[in-house]
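Accompanying notes for the structure given below.
Predicted model, so just to flag it, every value in this text is computed and none were measured. Remember, it's 1-based here, ligands and their atoms both numbered in the order they're listed.
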Amino acid sequence: MDKREILREFSSDPERYYQVKLFEEQGFIRKSCSKCKRFFWTLDSRREMCPDDSDDTYSFIGDPPTSKRFDYTQSWKEVESFFVKNGHTSVSRYPVVCRWRDDLYFTIASIVDFQRVMGSKVVFEFPANPLVVPQTCLRFKDLENVGVTGRHFSSFCMIGQHSIPNSEGYWKDQCVDLDFRLLTDQFGIKKEEIVFVEDVWAGGGSFGSSLEYFVRGLELGNAVFTEFQGELGKHTILDQKIIDMGAGLERFAWITNGTPTAYDCCFGPITNHLFEKVGIDSDSQLLKKYFTEIAKGIENFEDLMDVRKHAVKNTGLKDEQVNRIIAPLEGLYLIADHLRTLIFAVSDGALPSNVGGGYNLRMILRRVIATINRMNLKLDLDELIDLHIDYLKDTYPELNSSREDVKSILKIESGRYEESKTRMEKIANRLKGREKPPSVDELITMYESDGITPDYLKELKVISEIPSTFYSKLSDLHQSEKKKDIEKLPLEGIPETEMLFYGEDPMKFEAKVLKVFDDYVVLDRTSFYARGGGQEPDHGIIGDSKVIDVNKHGGVVVHQVKGAIPKEGETVNCTVDAVRRQNITKNHTSTHILNSSSRNVLGSWVWQHSAFKEADHARLDITHHSPLSEKEISEIEKTANSVVQKNMNVAIENYDRGTAEQQYGFKIYQGGVVPVKSVRIVSIEDFDIEACGGTHVKKTGEIDLIKITKTKRIQDGVVRLEFVSGPTAFEFVKKQKEEQEKQKILDVQKEQIEKQREERKQKAREKMPELLEKIVSGDSGVFENIEVKERLCFTASDQYDEFFHINFGKKLVNQDPKSAFCGIFESGPTIRIIVYCGEQSGKKAGEIAREIAGILGGSGGGDSKFAQGGGKDTSKKEQAINKAKLMILG
Ligand SMILES: [Zn+2]
Ligand SMILES: [Zn+2]
């Protein structure tokens, strides 16, 4: 839908769409901007231009329009108390990881908190009406702006003021009245300063008018009145109208403080802490002028670098000042902003990785580290995390409990980045030689395949600036990943199947065949569990055919069968394979137990990533940063089995979705989004509570035993636990025991062989003096597997080890300068050679060792008296022995 068209339509009838009671009462005048023609409402009769074009734009920097000063935390307290005083419920923020939406990784606006997608429709579920919420929102599209523009953040607090106009809530008149009084009464801004601009909003098939409110060119909020659906002209009024007023808390703090940037008043003590480290005075006239120029310039230039250049020129900054003041400032703001975002994301269970939304988190942490390195800063991340959380915990007390988890995750992830630096450096250095700098697409490929961020390339001076489209392009690429495919089947007009497995759950039942196509059968009712939530389907018999697969399509269960296919209209006898079902059921409850056990043992960042439950095996993939240690695995298994032994109750209850979320939080969505109004909550007492559509045991004791059979890191940030439970677990333990027995016998045999070899070696050592005497006396022949020919000796017998060769050879040539000795033996995967040649033997040790090692595919060296070498090519052992023998004896 064309927004401009809707705006034209709405602005042609302002009395209907925009003129609220407040405008009449206060005497607001409607004007058209003399530059861009947009319509706006003001109390100042001299104002000719809209806030974007007006001269007073950003004049609050250095000269705030109110005598009250509120920082970020205080600003929220003011906003909250105002709305609560006026009949609103203050709701705690929702997680920044958007677990209740399939199409979003992160919460990007306050209204998202209350949106639930059902089919292709978005419905709204409000826990209270009207309400206000300090919603932390994450946005990664404008990363290059963060730290530079003075007002862009990677995470910010959206003040959400939401209302449904009914007996409890209100509509336009009261909304605008409240927003006006918030600014004037609560924040002390003069009413002549406030300008409302006419606009519209459209999205997801609905649209409505909106009023953006500005003070001195700074957009503080936007009140959207979602009212219509359909195409303009053919549109109808929505059953449920919604007020979606979103305002930036950071901007409220900024307008009252008039600091050069919004960063200066929103990170509490962090900014000053960082300034002290670098020695910057942020309160200078120069900075105020510079950032006012930046703020004004953003609307006038496409490229951020041009905005920057323009501001530098207009402020009259010298290169030296830019390098000494502006560039470090930008770096410090970036560090403070990105860390705050990471704190929220990790606290809410997200992990930096190279998949899904984790990409953005890894990216921003690497930007922080690259910036710290580039600026040569000695910063303690733990200290900064503490400062942030100490400041934020007034508004967001939940952050306090994840403090240590955030620290350990960022530590691990930073370490990983440092480890990969050598490899990254090699790739980066190759780029330095190139004529053209890498393109945006090349930069994206480099980040995706090697984790090389453009900030790192900037740190190494491979590129001078990060292309302005890089972050938005990368963000777009990963936004579209989170989508699902829906298969189309000929099921139109088929009523929803009565799902007996959610009720009486009989293993034998009668049903009517409603539809047959290919080898698929649809019944009016079924006890066959359809594949879902990672639980594999039931097998069994329908009439005379075997059930091999069962799937759900919308509310219709479709059975795939093998054998005589029943006819439509027929009534059939059905039997579910009860043993298979029981085993799958035990594995499913075990999945829930293992999931919470893993979280208890490893940390709060553990979420179910996915799961799979078959009859004889199952797996649970969890989000975790590193492979599991033996100790961790055994701890998880122990915790899980203690839950089994406690024989806890497993209760299943249906809740209204909103009630379930409020009561248990978003941890219930371990298995993903629940697209229905009524949520099935499976709770194992208070150990584990999840929304789940699967089958479960009634008491955990029924499971008997859980055994983890294998764990593996399957992708960055995801670890797989393979496991068995119930009878399969006992079988596994039995097999494991048998194998251990077998191994024990093998170990004993191996030990014996080793012992015999040692004995033989010992004997050889004892025989050394006798052997030496024989050789020195000039005897020829084979003694103890040593071939002797006139004082020249060779052996490849495995009864001799390195100790023997070295000692025997050395003693021999010391006693008799005409003698020589060469030994070949195996040492691990290598075949080694040791050579001693007496001064008058006519042989050269070094030559022999080099030659033989060469044959074996390795290298050797030494002098004419002593040399050694070896190689790993065991196929050449015979050849090497023959050659060595020839060289020493021949
Ligand atoms: Zn204008
Ligand atoms: Zn489940």
Side-chain angles (χ1 to χ4, degrees), residues 4 7-8 11 29-42 44 46-58 99 195-199 211-214 216-219 296 298-300 501-502 529-537 552 581 583-599 606-614 618-622 640 643 648 650-655 660 664 666-676 679-684 687-698 700 703 706 721 723 725:
R4 274 170 308 179
L7 181 59
R8 211 175 305 131
S11 280
I29 318 159
R30 182 174 187 257
K31 293 195 167 197
S32 172
C33 173
S34 62
K35 194 169 169 194
C36 71
K37 307 289 175 240
R38 283 211 297 171
F39 290 99
F40 61 90
W41 297 76
T42 177
D44 180 358
R46 287 162 306 165
R47 185 180 287 279
E48 295 305 327
M49 279 188 272
C50 76
D52 281 342
D53 296 317
S54 183
D55 283 342
D56 66 351
T57 291
Y58 287 85
R99 312 249 182 213
V195 179
F196 290 92
V197 176
E198 293 181 5
D199 204 355
L211 282 166
E212 297 172 327
Y213 52 94
F214 290 76
R216 303 248 191 116
L218 184 66
E219 185 190 340
K296 284 181 172 177
I298 291 177
E299 309 295 334
N300 301 330
F501 47 84
Y502 284 148
Y529 182 83
R531 175 181 286 110
Q535 178 171 339
E536 284 297 279
K552 219 189 303 185
R581 160 70 87 74
N583 289 341
I584 293 180
T585 298
K586 286 175 184 172
N587 276 341
H588 195 148
T589 309
S590 301
T591 311
H592 288 216
I593 296 175
L594 277 173
N595 191 28
S596 273
S597 301
S598 303
R599 189 177 315 110
V606 170
W607 278 74
Q608 175 178 310
H609 180 261
S610 62
F612 178 82
K613 304 104 182 177
E614 241 302 353
R619 59 174 184 258
L620 165 70
D621 295 346
I622 54 168
V643 172
M648 290 182 180
V650 182
I652 297 176
E653 261 179 293
N654 282 301
Y655 283 82
Y664 300 116
F666 290 90
K667 275 214 165 80
I668 59 170
Y669 294 134
Q670 295 289 333
V673 174
V674 176
V676 284
V679 181
R680 191 168 175 261
I681 294 289
V682 178
S683 51
I684 303 170
F687 178 74
D688 179 89
I689 298 163
E690 295 182 28
C692 173
T695 61
H696 288 275
V697 300
K698 292 198 165 54
T700 57
I703 296 168
I706 298 173
L721 280 76
F723 66 94
S725 74

### Charged N-O contact under 4.0 Å between Arg531 and Glu536
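Looking at Arg531 and Glu536, the cut-off is met.
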### Under-4.0 Å salt bridge between Lys31 and Glu48
yes
### Message
Using the Zn ion (ligand 1) as the vertex, how large is the angle between SG of Cys33 and SG of Cys50, rounded to 10 degrees?
### Response
110°
### Query
Do Arg30 and Phe39 meet the cation-pi criteria used here (NZ or CZ under 6.0 Å from the six-membered ring centre, within 45° of the axis)?
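The answer is yes; both the distance and angle limits are met.
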### Query
Does any N or O in the side chain of Asn587 come within less than 3.5 Å of the main-chain N or O of Glu614, such that one atom is a donor and the other an acceptor?
yes
#### Entry: Closest Asp53 atom to the Zn ion (ligand 1) [N, O or S only]
OD2
### Query
To the nearest 10 degrees, how large is the angle at the Zn ion (ligand 2) between His592 NE2 and Cys692 SG?
110°
#### Entry: N, O or S atom of His696 closer to the Zn ion (ligand 2) than 2.8 Å
no
